[in-house]
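To start, the structure itself, in structure tokens.
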Number of protein chains: 2
Amino acid sequence: MLKEERQKFILDQVHLHHRVLLNDLAEALEVSIDTVRRDVKELDKEKKLKKVHGGATSFGFMNFSKEDGNTYLLSKKIKIAEKTVSLLSEGQVILMSGGTTNLEVAKMIPRKFPLTVFTPSLHIAVQLLELPEVEVFFLGGKLQHESKFAIGGTVVNALNRLKVDLCILGTGYLDAEAGLTEFDWEVIQVKQAMIQAAKRTIILSVSDKLHSVQKYRTCSLTEVDTLVTELDPMDTKLDAFRPFHLKIV
Amino acid sequence: MLKEERQKFILDQVHLHHRVLLNDLAEALEVSIDTVRRDVKELDKEKKLKKVHGGATSFGFMNFSKEDGNTYLLSKKIKIAEKTVSLLSEGQVILMSGGTTNLEVAKMIPRKFPLTVFTPSLHIAVQLLELPEVEVFFLGGKLQHESKFAIGGTVVNALNRLKVDLCILGTGYLDAEAGLTEFDWEVIQVKQAMIQAAKRTIILSVSDKLHSVQKYRTCSLTEVDTLVTELDPMDTKLDAFRPFHLKIV
DNA sequence: ATCAAAACAGCAAAAACTTGCAAAAAATCC
DNA sequence: GGATTTTTTGCAAGTTTTTGCTGTTTTGAT
């Protein structure tokens, strides 16, 4: 294998997952950790990535720069993604909806973490296919143009015949009274079926979206098992959600 | 063997695989490693490729642009795509398989050309979603990691319940005797179901793939209605395919 | 403060590269 | 055609690069 190939692989991985561990790289590339270390050092010198203790990250990652509001939001989502991934177990069969937060979860899953994932989201599917140990099943149906999300009877029917360990709902607006709400009725149908098909449901929400209500209701908070935000679980902003039997992470 | 031929071969290999090892070249060309080294050094000086330790890479190798610098093949595929699009009618319901040639077709469809497309290929689906007038239905199933193509019983079942105007088969190897062949058995199953579900079938093939045979057979040429290549329909290279009731475009 | 993991520095073996050179092949000239 | 020049090719000796391993130091988390 050429050094250039190795470095390209490393760069691809960094861009794909925001961060990588040297150990994982060494194993994936079948070279010693020293070689990977040297490669990363070089790439760092060329400003292609940022070397950190134990691994490497892409630029803009963990950059809490105030000027760029987007990176700020991104870091919140990454925080959520980290928490979410830590809730997964190897070999689980899970459902994942769409949304950028869920996309971060997909990016954060370790390279050799066996999993079976069903999803109606094109973006999620594409991202997950980067992971060799993840079996990806796409829930086919009519695709929405902007969201790249599959909707319609086909999806719901497929979900009705499914029983999985876990459902991870990405997007969505959250409110203690109104529960989980959406502005798209078609998406509601799919998400409801997803919740039904799963033993446990996790919802991910950046704190900005808490206490906001949309047109249609997906479910009440009692149907949800776990809530993941970027906040400390003890944060007072989350008090409104404590009356439900939620595990707050 | 002439030096010129050798260097042409080297360039072809680099363009095809984006990288080559000097050792492989020396073996393939049956010359000493020094000769290859000198050739590569020359080509590097002429900026035709980039010499690296142990081999050579094409330019843009490190640019993670994904789009290959396979320009000569690409131009053929674009030619095919143009011809194919001209065969479509507004409002048709069609099936599209995967492959880079079909991807060019998807890129070539005019922005306001109403169409309904069913596909098991992630790449094709993503591309088609750029077109506001195209309704995209994804045939869900288990996704292959490299090809991003949905396979398995779910796909085949969905196809069995479908009846569309047209099926456009992208990849695949073509031979007058052997018919349409593939190296992946799972993909065969899906393609066969696609052909069954369509009234008419068009196959796209760059002339390089004509007269090549793979392990498994998708169908015979009698089941196909139209063959699109980048060649002139009267080209003698296509003579072998005329005995069938094909429309050659 | 402690301890395990990660980084570093130095070293040695293997692979790749360079240079110089001579034989072989090709081109040129008479 | 034959001699001569030029180019090309393969080989050998010496140099550089790459890589994995050793032991040591640093780092980060508890």
Side-chain angles (χ1 to χ4, degrees), chain A residues 1-14 17-59 61-64 75 78-79 81-83 85-87 90 108 110-113 230 232-234 249, chain B residues 1-14 17-59 61-62:
Chain A
M1 162 156 298
L2 254 36
K3 191 171 87 166
E4 277 68 22
E5 288 182 83
R6 242 180 17 231
Q7 301 201 350
K8 178 175 161 51
F9 179 84
I10 292 173
L11 273 182
D12 284 346
Q13 289 298 309
V14 166
H17 299 128
H18 291 310
R19 69 165 182 195
V20 283
L21 301 180
L22 297 193
N23 274 319
D24 290 351
L25 287 174
E27 191 167 344
L29 291 164
E30 294 178 310
V31 292
S32 79
I33 186 102
D34 299 77
T35 303
V36 172
R37 204 190 302 286
R38 275 186 276 246
D39 281 335
V40 168
K41 201 184 223 172
E42 262 186 58
L43 292 168
D44 178 72
K45 201 159 286 174
E46 297 167 25
K47 308 275 183 228
K48 304 261 187 201
L49 50 72
K50 186 148 157 266
K51 193 174 127 35
V52 297
H53 194 88
T57 75
S58 65
F59 283 112
F61 177 79
M62 275 299 155
N63 233 3
F64 293 75
S75 66
I78 286 169
K79 184 103 192 181
E82 281 173 346
K83 290 186 187 177
V85 169
S86 73
L87 297 174
E90 297 200 1
M108 202 67 66
R111 192 172 164 74
K112 45 183 320 180
F113 195 92
E230 86 281 9
D232 184 281
M234 290 298 126
V249 183
Chain B
M1 166 160 296
L2 255 48
K3 190 170 99 169
E4 201 174 293
E5 288 181 72
R6 242 179 17 231
Q7 301 202 351
K8 173 104 172 63
F9 178 82
I10 293 173
L11 273 181
D12 282 346
Q13 289 297 306
V14 167
H17 301 116
H18 299 266
R19 59 120 226 200
V20 275
L21 304 181
L22 295 193
N23 276 318
D24 292 351
L25 285 175
E27 193 175 339
L29 293 164
E30 293 178 316
V31 291
S32 80
I33 186 106
D34 299 75
T35 304
V36 173
R37 209 188 299 286
R38 272 185 278 248
D39 281 335
V40 168
K41 200 185 226 170
E42 265 186 56
L43 292 169
D44 177 75
K45 202 157 285 174
E46 298 167 25
K47 309 274 185 224
K48 304 265 186 197
L49 50 72
K50 185 149 156 261
K51 193 178 126 32
V52 299
H53 197 92
T57 72
S58 65
F59 281 112
F61 176 73
M62 271 304 233

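In what follows, chains carry the letters A, B, and so on, assigned in the order in which the sequence lines appear, proteins first and then strands, with residues in each chain numbered from 1.
Residues forming a salt bridge (charged side-chain N to carboxylate O under 4.0 Å, His left out) with Lys41(B) (at least two apart in sequence, or on another chain): none. The side-chain hydrogen bond (donor to acceptor under 3.5 Å, both in side chains) search around Thr57(B) returns none, not counting sequence neighbours. Listed by chain and residue number, Lys3(B), Gln7(B), Glu46(B) satisfy the side-chain contact (heavy atoms from CB on, under 4.5 Å) test with Glu42(B) (two or more places apart in sequence, or in another chain).
In this entry the distance linking CG of Asp34(A) with C1' of dG10(C) reads 12 Å, nearest Å. Ile33(B) places its CD1 atom 10 Å from the C1' atom of dC17(C), with the value rounded to the nearest Å.
Nearest to the side-chain atoms of Leu22(B) among the listed nucleotides dC17(C), dT9(D), dT19(D) stands dC17(C). Across dT18(C), dA16(C), dT18(D), the shortest atom-to-atom separation from the side chain of Lys3(A) is found for dT18(D). Here the nucleotide nearest the side chain of Arg6(B), chosen from dT19(D), dT9(D), dA16(C), is dT9(D).
Using a cutoff of 4.0 Å between basic side-chain nitrogens and carboxylate oxygens, Arg19(B) and Glu5(A) are scored as salt-bridged. Of the charged side-chain nitrogens involved, at least one lies within less than 4.0 Å of a carboxylate oxygen, so that Arg6(A) and Asp39(A) count as a salt-bridged pair. Here Arg38(B) does not pair with Asp34(B) in a salt bridge; the nearest charged N to carboxylate O distance is not below 4.0 Å.
Taken residue by residue, residues 47-57 of chain B places heavy atoms nearer than 4.0 Å to DNA chain C at Lys51(B), Val52(B), His53(B), Gly54(B). Contacts between residues 25-32 of chain A and DNA chain D, defined by a heavy-atom separation below 4.0 Å, involve Val31(A), Ser32(A), listed by number.
A sub-4.0 Å separation between OP1 or OP2 of dA6(C) and a side-chain N or O of Asn23(A) is present. The side chain of Thr35(A) places no N or O atom within less than 4.0 Å of a non-bridging phosphate oxygen (OP1 or OP2) of dT19(D).
Taking 3.5 Å as the limit, the base of dG20(D) and the side chain of Arg38(A) contain a donor-acceptor pair of atoms between them.
Taken over five-pair windows at either terminus, the axes of the helix from dA1(C)-dT30(D) to dC30(C)-dG1(D) are inclined to one another by 40° (rounded to 10 degrees).
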